[in-house]
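Everything numeric in this text was worked out from a predicted model, so none of it was measured.
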Amino acid sequence: MTVSVPSMPRTAQVANAFDALAEVDSTNAELRRRCLGDDPFVRRLMAEAWKGNPQGEGNDPMGAKGVPMGVLAAQTQTGGHGRLGRAWADAPGESFVASFLAVLPRNVVFGPDAGWLTLAAGVAAVDALRGVLGDVDAQPLRDGVRLAVKWPNDVFVVGPAAGRKLGGILIESAELPKTGAERNACVALIVGIGLNLGIAADRLPTEQATSLQLDFGPLPAFDELRDRIGAALTHELRSQFASLASGTAEAVRTLHDRMTRDCWTLGRPVEVRLVDGSALRGEAESIGPDASLVVRDAAGECHVVHTGDVGVLAAGR
């Protein structure tokens with residue numbers, strides 16, 4: 001089957017840089033490679049970052065332009081993966097596959113509030129999808145169905161009894177080419193997003209997965225839906241990252257409140273598989289001030305989770 005290059009005019013219009021490929025090993029990996037060389041896609045974003053502040057003076061390398069955002073979309077990936085190295089399967093013509101490159105100050109990506117960037121991407125994805133569904137007058141196909149975030153940033157469709165994964169997000173940082181005033185001031189934040197849009201129920205990758213057309217409708221044709229989602233994601237990611245880049249305590253409080261409202265994980269029994277191979281069971285109690293997940297075990301002891309695979313358990317397990 002011939003795989004075509006995605007056509008996404010809405011997304012290209014709102015992004016500071018846009019490119020599309022028929023096939024790639026990984027859109028995140030491709031953007032990391034482009035950051036290593038003298039690539040015009042990356043150079044365009046760096047130029048946008050320094051407009052209004054060409055000498056990099058003060059603490060605002062963004063100048064007056066906000067957060068530059070580039071988008072690399074693909075019809076399919078041959079080696080896509082998610083957090084903790086798990087494989088991500090997509091279907092050409094049925095999945096949204098793209099990575100977003102934001103140019104951000106180094107102290108935002110590696111500073112004390114850096115953990116919130118991961119959660120902000122999940123909130124942005126849910127907001128983008130809600131906005132698109134509203135724009136096309138799509139409604140839930142069952143009572144009580146809604147979009148939510150599973151900590152830290154998985155996109156879920158949840159109902160009264162259970163939730164299923166609609167998509168995943170992988171965030172990585174990369175160094176930018178260093179020349180002149182740009183040296184060391186900014187880095188690239190790469191946000192890879194994969195969403196199931198039109199995969200039939202009998203071809204979903206796992207029993208815990210879902211696809212947008214199974215839960216909401218009516219939906220436009222795939223190409224239009226993908227483009228609308230790409231444009232909305234560009235806008236919402238830019239907005240969330242700009243808020244955090246402002247460095248204000250209010251920005252973090254606002255995101256903490258949003259995540260607390262929209263996080264499906266909270267108040268539910270969970271099992272956390274930690275990076276050292278151990279497992280933790282308990283109830284997801286709250287989001288910590290550093291974007292961590294606080295889990296209370298059966299003995300009443302609270303554990304702070306910064307990295308791990310969090311599964312929501314059925315009640316009573």
Task: Exercise: identify the closest heavy-atom pair between Ala125 and Val155 - done: CB-CG2, 3.8 Å
Task: Criterion side chain to side chain contact (heavy atoms under 4.5 Å, CB included) against Phe216, the qualifying member of Val132, Val145, Leu129 - done: Val145
Open item on the list: Membership question, hydrophobic clusters at under 4.5 Å side-chain separation (ILVMFWY): are Leu274 and Val270 in the same one?
Closed with: yes
Open item on the list: I'd like to know whether Ser95 forms a side chain to side chain contact (heavy atoms under 4.5 Å, CB included) with Ile199, so could you lay out the CA-CA distance, the side-chain angles of the two residues, the decisive distance to 0.1 Å, and finally the verdict.
Closed with: CA-CA 7 Å; Ser95 302; Ile199 301 177; 3.7 Å; yes
Task: Heavy-atom donor-acceptor pair, Thr248 side chain to Ala251 backbone, under 3.5 Å - done: yes
TODO: Please confirm whether the backbone N or O of Gln240 pairs with a side-chain atom of Ser243, one donor and one acceptor, at under 3.5 Å?
DONE: no
Open item on the list: I need the Ile287 CD1 to Leu293 CG distance, nearest 0.5 Å.
Closed with: 5.5 Å
- [ ] Could you state whether Trp116 and Phe110 fall into the same hydrophobic cluster, counting links through intermediate Ile, Leu, Val, Met, Phe, Trp or Tyr residues with side-chain heavy atoms under 4.5 angstrom apart?
- [x] yes
TODO: Looking only at non-hydrogen atoms, find the nearest pair between Val272 and Gly308 and report the distance.
DONE: CG1-CA, 4.4 Å
Open item on the list: Between Val103 and Glu48, is there a side-chain heavy-atom distance shorter than 4.5 Å?
Closed with: no
Open item on the list: If you define the side chain from C-beta out and look only at heavy atoms, does anything of Leu195 sit under 4.5 Å from Leu212?
Closed with: no
- [ ] Could you please spell out the steps behind the side chain to side chain contact (heavy atoms under 4.5 Å, CB included) verdict for Arg106 and Glu175?
- [x] CA-CA 10 Å; Arg106 182 174 295 274; Glu175 292 293 333; 2.8 Å; yes
Task: pair Arg146-Val157: side-chain heavy atoms closer than 4.5 Å - done: no
- [ ] Spell out, as yes or no, whether a donor-acceptor pair under 3.5 Å connects the side chain of Asp227 to the backbone of Thr11.
- [x] yes
Open item on the list: To the closest 0.5 Å, what do you measure between CG (Leu189) and CZ (Phe241)?
Closed with: 5.0 Å
Open item on the list: Do Glu30 and Arg33 have side chains that approach each other closer than 4.5 Å (heavy atoms only, starting at C-beta)?
Closed with: yes
TODO: Side-chain contact test, heavy atoms from C-beta onward, threshold under 4.5 Å: evaluate it for Pro269 versus Glu283 and give yes or no.
DONE: no
Open item on the list: Keeping Thr254 on the side-chain end and Glu250 on the backbone end, is there a donor-acceptor pair under 3.5 Å?
Closed with: yes
Task: Donor-acceptor under 3.5 Å (Lys150 side chain, Val310 main chain) - done: yes
TODO: Supply the atom-to-atom distance Ile193 CD1 to Leu233 CG, rounded to the nearest 0.5 angstrom.
DONE: 4.5 Å
Task: Minimal non-hydrogen separation, Thr27 against Ser99, with atom names - done: OG1-OG, 2.6 Å
Task: Cluster link Ile229 to Val136, ILVMFWY, side chain under 4.5 Å - done: no
- [ ] Sort and list the pairs that fulfil side-chain hydrogen bond (donor to acceptor under 3.5 Å, both in side chains) and have at least one residue in residues 198-207, not counting sequence neighbours.
- [x] Glu94-Arg203
- [ ] Check whether Val126 and Leu219 end up in the same hydrophobic cluster, where Ile, Leu, Val, Met, Phe, Trp and Tyr are linked by side-chain heavy atoms less than 4.5 Å apart.
- [x] yes
Task: Any donor-acceptor pair under 3.5 Å from Gln75 side chain to Ser4 backbone - done: yes
Task: Residue pair Leu225, Phe96: steps toward the side chain to side chain contact (heavy atoms under 4.5 Å, CB included) verdict - done: CA-CA 9 Å; Leu225 179 62; Phe96 179 93; over 6 Å; no
Task: Shared hydrophobic cluster for Leu166 and Phe222 (ILVMFWY, side-chain gaps under 4.5 Å) - done: yes
Open item on the list: With a 3.5 Å distance limit and no angle check, can you tell me whether Asn16 reaches the backbone of Met69 through a side-chain donor-acceptor pair?
Closed with: yes
- [ ] Decide side chain to side chain contact (heavy atoms under 4.5 Å, CB included) for Leu72 and Leu101; before the verdict, give the C-alpha distance in whole Å, the side-chain angles of both, and the deciding distance to 0.1 Å.
- [x] CA-CA 8 Å; Leu72 175 66; Leu101 192 159; over 6 Å; no
- [ ] With rounding to the nearest 0.5 Å, note down the distance linking CD in Gln213 to CG in Asn196.
- [x] 9.0 Å
- [ ] Compare all side-chain heavy atoms of Cys186 with those of Leu176 and state whether any distance is below 4.5 angstrom.
- [x] yes
Open item on the list: Show the nearest heavy-atom pair for residues Arg226 and Ser7, with the distance to one decimal.
Closed with: NH2-N, 4.2 Å
Open item on the list: Is it the case that the side chain of Ser239 and the backbone of His235 share a donor-acceptor pair, with hydrogens and angles ignored and the cut-off at 3.5 Å?
Closed with: no
- [ ] Look only at the side chain of Asn28 and the backbone of Gly192, and say whether a donor-acceptor pair between them is shorter than 3.5 Å.
- [x] yes
Open item on the list: Closer than 4.0 angstrom, basic N to acidic O: yes or no for Asp19 and Arg34?
Closed with: yes
- [ ] Give a yes or no answer on whether the side chain of Arg238 reaches the backbone of Val14 with a donor-acceptor pair at less than 3.5 Å.
- [x] yes
- [ ] State, with a plain yes or no, whether a side-chain heavy atom of Arg164 is found less than 4.5 Å away from one of Leu214.
- [x] no
Task: Contact check, side chains of Arg142 and Asp215, non-hydrogen atoms, under 4.5 Å - done: yes
- [ ] Return the minimal non-hydrogen interatomic distance between Glu236 and Ala124, and the atom names on each side.
- [x] CB-O, 3.6 Å
Open item on the list: I need the minimum non-hydrogen distance between Ala138 and Pro218, along with the two atoms involved.
Closed with: CB-O, 3.4 Å
Open item on the list: For the CD atom of Glu224 and the CZ atom of Arg10, what is their distance to the nearest 0.5 Å?
Closed with: 5.0 Å
- [ ] Nearest 0.5 Å please: distance from the SG atom of Cys263 over to the CZ atom of Phe156.
- [x] 10.5 Å
